[in-house]
*Asks:* 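Take this structure first; my questions come after.
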Amino acid sequence: MAAAVIYRIRYIVCLLSMLSLAVHTALANEIPAQGPFTDSECVSCHSDRNPELIRQWRNGPHDPASGVGCSSCHGSLHADANVKARKNQGCTNCHEGPASHSYSKSKHGVLNRIEAHEQDWRKPLKSGNYRAPGSAYCHLHDGDHDDTMSADRGPEVRQWICVGCHSPRYVREQFANGRRQLDIADLKLTEGKQLIASAANSQTKELSKLRQSLIYHRRNVLYGVGHQSPDYQWWHGQPALDGDLIRIRDAIE
Amino acid sequence: MTSLWPIERIGFYEGQASAFYNVSAIERDYFEMWYFDNLGAYKSAAHGNLEGVEQGHRKMEAALESIGNKAREIRDISETERKAGIEPEPSGLWQTGAYTDYNREHN
């Protein structure tokens, strides 16, 4: 009788030990805690778990020198850390002015804004998961912590992101259209700079201001093309460059 | 192929110049006042946006003053040249340039 009791106690202790071990192992593989965490704590842990992600962050536009840390986009808690970073507000808190305004006026931007409450932001930033791309969908595609839209990645990467939702032929046409628009804008920029250089005194305050205006409006064309924003391709871009050329000639005549 | 099957041109027209490109700076100022500031005030009124109406009118008043000052300056220069018997000589300044040359053939 006593032996049977001892056997049962041993059996229960053994079972509890195994259960404890299983729970401990499961917890060890899961998120250790909910936070809050400091940026250095995030980097310390994720350097082991996601070394490629940390490498991308260190080499990207949000590198440590930029002053942007993990918590800038993800917050300091594990809960909804990805959801926070996927939403546009995470980007527009810092990226103001033409960069975000051109996007917000585009069809993608309007759709993204009016349907934000219907979107499941828990989904990864991958093809087919979002009806209209937000900033992070294109620039931090599929967890990329460098800039996926960076010029040095080449047009193929940008086209690949667009083809995730649009037909390849349509994307090719839009890219060709955008390339021509930038070519024309570059001709205007070149003409303006050459006109200023030809002036008797090219260092006047007025001409310096007009030189900056040329660069600013050329960049607007780029934002208009990149964000498919007609107002920036046109009103804030091409005609604004035309106005610069007229005013430069008027100033040096 | 396009001669057999004409395709309607859509999107950006290569080399297309905007309205009021081939004008003087003062005319361009007037265009921007009329188009952007005036339209902004009008659209704001149509949509019941009081702040937009006020902003549009503030910009128009500033543009009107600036255009008036420039117009007086141009008239003064013209009068001085007339009295001195100076005939302004047209230069090629407005007729050449990387974009202007391209635009001549492609607009």
*Asks:* In this structure, are over 12 heavy atoms from other groups packed under 6.0 Å from Arg55(A) atom CZ?
*Replies:*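 For Arg55(A), atom CZ is crowded (more than 12 foreign heavy atoms under 6.0 Å).
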
*Asks:* At a heavy-atom separation under 4.5 Å, does Ile248(A) approach chain B through its side chain, its backbone, both, or neither?
*Replies:*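 No part of Ile248(A) comes within 4.5 Å of chain B.
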
*Asks:* Answer yes or no: are there more than 12 heavy-atom neighbours, outside Glu65(B) itself, under 6.0 Å from its atom CD?
*Replies:* no

*Asks:* Counting only heavy atoms not in Gln89(A) (residues, nucleotides, ligands), do more than 12 fall under 6.0 Å from its CD?
*Replies:*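 Check fails, neighbour count at 12 or below.
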
*Asks:* Looking at Lys84(A), I'd like to know if its NZ atom is crowded, meaning that more than 12 non-hydrogen atoms belonging to other residues, nucleotides or ligands lie closer than 6.0 Å.
*Replies:* yes

*Asks:* Kindly indicate whether the side chain of Leu245(A), heavy atoms from C-beta on, has any atom under 4.5 Å from the side chain of Tyr99(B).
*Replies:*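 They are in side-chain contact.
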
*Asks:* Are Glu32(B) and Arg247(A) close enough, and set up right, to give a salt bridge (charged side-chain N to carboxylate O under 4.0 Å, His left out), and what steps lead you there?
*Replies:* CA-CA 13 Å; Glu32(B) 291 190 6; Arg247(A) 293 191 173 103; 3.4 Å; yes

*Asks:* Using every non-hydrogen atom in the two residues, find where Ser24(B) and Ile246(A) come nearest and quote the distance to one decimal.
*Replies:*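 Scanning both residues completely, I find the closest heavy atoms to be C-CG2, 3.7 Å.
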
*Asks:* Which of the residues Thr190(A), Asp183(A), Leu187(A) is involved in the greatest number of heavy-atom pairs with chain B at under 4.5 angstrom?
*Replies:* Leu187(A)

*Asks:* Leu195(A) versus chain B, heavy atoms under 4.5 Å apart: side chain, backbone, both or neither?
*Replies:* side chain

*Asks:* Taking the side chain as C-beta and beyond, is there a heavy-atom pair between Asp242(A) and Arg28(B) under 4.5 Å?
*Replies:*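 Touching, per the 4.5 Å side-chain cut-off.
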
*Asks:* Pick one of side chain, backbone, both or neither for Thr100(B), based on which atoms fall under 4.5 Å of a heavy atom in chain A.
*Replies:*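 Both backbone and side chain of Thr100(B) come within 4.5 Å of chain A.
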
*Asks:* For the pair Phe31(B) and Trp235(A), name the ring-plane relationship: parallel under 30°, tilted 30 to 60°, perpendicular over 60°.
*Replies:*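 The rings of Phe31(B) and Trp235(A) sit tilted, inter-plane angle from 30° to 60°.
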
*Asks:* So which atom in Trp94(B) and which in Glu253(A) form the shortest heavy-atom distance, rounded to 0.1 Å?
*Replies:* NE1-OE2, 3.0 Å

*Asks:* Count the heavy atoms of every other residue, nucleotide or ligand shown that sit under 6.0 Å from CD of Glu79(B), and state whether that count exceeds 12.
*Replies:*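 More than 12 within 6.0 Å, yes.
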
